[in-house]
Amino acid sequence: MTVEGRDVVGYLCEQCTHVWNRPVEGDLEVHDVVRVDLPGATLYGTVRQVEEDRVRVRVQDGQRLLWAERWRLILH
């Protein structure tokens, strides 16, 4: 979704029907600390590699790397 020329992620609270948007992080760099919102979990980690539409993150426990779509990340 695009709002005012910027890619955004739309959210809908099914319980209260509140709707809101947040921008997709466009300026992520290696070593940035991020939150990764996955369907079954929220993880925190450090960016290790950035591609156009996905980012590789070392999860906070340090034991694993995962690829996540850019729109799932929030810069901390």
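Keep in mind it's a predicted model, so treat the numbers as computed, not measured.
No donor-acceptor pair under 3.5 Å is formed between the side chain of R56 and the backbone N or O of E51.
Note on L28: it clusters hydrophobically with V36, by side-chain heavy-atom contacts below 4.5 Å among ILVMFWY residues. Hydrophobic clustering (ILVMFWY, side-chain heavy atoms < 4.5 Å, transitive): V47 and L66 are in one cluster. A single hydrophobic cluster is seen to contain both V34 and L38, as judged by linkage of ILVMFWY side chains at heavy-atom distances under 4.5 Å, directly or through other members. When hydrophobic clusters are built by joining Ile, Leu, Val, Met, Phe, Trp and Tyr residues whose side-chain heavy atoms come closer than 4.5 Å, directly or via intermediates, V8 is not grouped with V55. There is a path of hydrophobic side-chain contacts, each under 4.5 Å, that joins V24 to W20.
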Walk me through whether L73 and V57 qualify under side-chain contact (heavy atoms from CB on, under 4.5 Å). CA-CA 10 Å; L73 299 165; V57 177; 4.1 Å; yes
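The residue from I74, L43, L75 that alone fulfils the side chain to side chain contact (heavy atoms under 4.5 Å, CB included) condition with R35 is I74. The residue from R22, E25, R72 that alone fulfils the side chain to side chain contact (heavy atoms under 4.5 Å, CB included) condition with V9 is R22.
Taking CG from L65 and OG1 from T46, the interatomic distance works out to 10.0 Å, rounded to the nearest 0.5 Å.
Considering every non-hydrogen atom in both D27 and R70, the closest pair reads N-NH1, 4.4 Å.
Taking the six-membered ring where tryptophan is involved, the planes of Y44 and H76 are perpendicular, since the angle between them exceeds 60° and thus also 30°.
In this structure the side chain of Y11 never reaches within 4.5 angstrom of the side chain of H18, judged on heavy atoms.
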